[in-house]
Amino acid sequence: MTEAVEGHVTTEIVMLNPETVRGVSNMTSQEFLAALMSRLGGKNPEETGGFQEAPLAYDAVWALALALNKTVAPLKAKGRRLEDFNYNNHDITAEIYRALNTSSFEGVSGHVVFDAQGSRMAMTLIEQLQGGSYKKIGYYDSSQKNLSWFGNDVWIGAGPPADRTVVIEEFRFLSQKLFAAVSVFAGLGILLGIVCLTFNIYNGNVRYIQNSQPYLNNMTAVGCMMALAAVFPLGIDGHHVHRSQFPVVCQFRLWLLGLGFSLAYGSMFTKIWWVHTLFTKKDEKKEKKKQHLEPWKLYATVGVLLAIDFLSLMIWQIVDPLHITVEKFTKEAPKEDLDVLIQPLLEHCSSEKMNTWLGI
């Protein structure tokens, strides 16, 4: 227990003015204490009940006497006297309360003043247990909002303990190992797309390649490469770029993914639609369809899908642009420090009506 309580701080009301000031009684605190000891006639103060509270009681009598003295003139102006007081007379009670509430004088216990609720606003003594005994380390005067600190406080460790739990904001970033691994796979995918694109262009004169609509295949490869390239800006966060540059990264992600998906999906959808149309016709119409199939119609279909996506992205960027948003997660308590909480934060791209635009 001795080890546990060592260094703790306690407060109590100052019952004897530590300063040498002559108050309303024309006595200093030390003169009052000497007069009190004389009245005790050599009795041990520690065995005398109420000895420590005696200055407060003495000043309380002075406060009451001064308050009663203040009420004489106001009551006389109303045609009343203090002698007319009884517990049912609210007018005299209000005058006495008003006089006490405005009391302010120097007493042997310190500056005497009362708050709106009638409580004594006394000085507060601040003590600390040092080596098994209490040491005065400061005073606080609540009426004057003044703190007197002696600077002799002693703490176990680097300094005083925290008066509250400290919350440390900590941004969470993408794992760099994970980002590097995914980037490698994305790079291999892009490289494979380049190989397919090169193969398709180099063998453009082969009949099988020509019949498979090589331009649609090229657009599919380009779209897939753009979607894979979006992995790189998606992995960029506050660890790599400054906060002011983050909205640019957000827009770059959006355009790469949007246009890449439109090219890849649009070209594949057009080819599937073309094959479906060709083989669901009757035999006599199949030959006619083969003869009159014009490539520009296929490219126009992809162009329309791409234009719709481009227009949607443009409207999104103008009306409700993406911006950086900080999301807060549940606070975490580290094992090594009980006075600290970690507030995890995550930066990501968002807009006011994110779900609506994603649905569109």
Search all heavy atoms of [X] against all heavy atoms of [Y] and return the closest pair with its distance.
| X | Y | result |
| --- | --- | --- |
| Val154 | Gln128 | O-NE2, 2.7 Å |
| Asp59 | Gly110 | OD2-N, 4.2 Å |
| Asn17 | Ser29 | O-OG, 2.8 Å |
| Phe114 | Leu100 | CD1-O, 3.3 Å |
| Asn152 | Lys136 | ND2-O, 3.0 Å |

Determine yes or no for a side-chain-to-main-chain donor-acceptor pair under 3.5 angstrom, with [X] supplying the side chain and [Y] the backbone.
| X | Y | value |
| --- | --- | --- |
| Asp141 | Asn146 | no |
| Ser133 | Leu129 | no |
| Asp115 | Arg120 | no |
| Ser38 | Ala34 | no |

Does [X] have more than 12 heavy atoms from other residues, nucleotides or ligands lying within 6.0 Å of its [atom1]?
| X | atom1 | value |
| --- | --- | --- |
| Phe252 | CZ | no |
| Glu83 | CD | yes |
| Phe185 | CZ | no |
| Gln52 | CD | no |
| Phe199 | CZ | no |

Pair Thr124, Glu12 - check side chain to side chain contact (heavy atoms under 4.5 Å, CB included), show working.
CA-CA 6 Å; Thr124 302; Glu12 63 179 24; over 6 Å; no
Joint hydrophobic cluster, Phe232 plus Met225, side-chain heavy atoms closer than 4.5 Å:
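The answer is yes; both residues are in one hydrophobic cluster.
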Would you indicate whether the side-chain heavy atoms of Phe51 and Leu36 approach each other to under 4.5 Å?
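In contact.
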Please examine the side chains of Tyr134 and Thr10, heavy atoms only from C-beta on, and report whether any two atoms are closer than 4.5 Å.
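Counting from C-beta outward, Thr10 and Tyr134 do come under 4.5 Å.
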Could you check Arg172 against Glu332 for salt bridge (charged side-chain N to carboxylate O under 4.0 Å, His left out), going step by step and ending with a plain yes or no?
CA-CA 13 Å; Arg172 298 295 170 87; Glu332 302 174 355; 3.0 Å; yes
Taking the six-membered ring for Trp and the single ring otherwise, decide whether the centroids of Tyr139 and Trp149 are under 6.0 Å apart.
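Centroid distance Tyr139-Trp149: not below 6.0 Å, so no.
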Test applied, salt bridge (charged side-chain N to carboxylate O under 4.0 Å, His left out); reference residue, Glu95; option that passes from Lys76, Lys78, Lys70:
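Testing each of Lys76, Lys78, Lys70 against Glu95, the sole residue satisfying salt bridge (charged side-chain N to carboxylate O under 4.0 Å, His left out) is Lys78.
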For the pair Phe171 and Phe173, name the ring-plane relationship: parallel under 30°, tilted 30 to 60°, perpendicular over 60°.
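It falls in the parallel class, under 30°.
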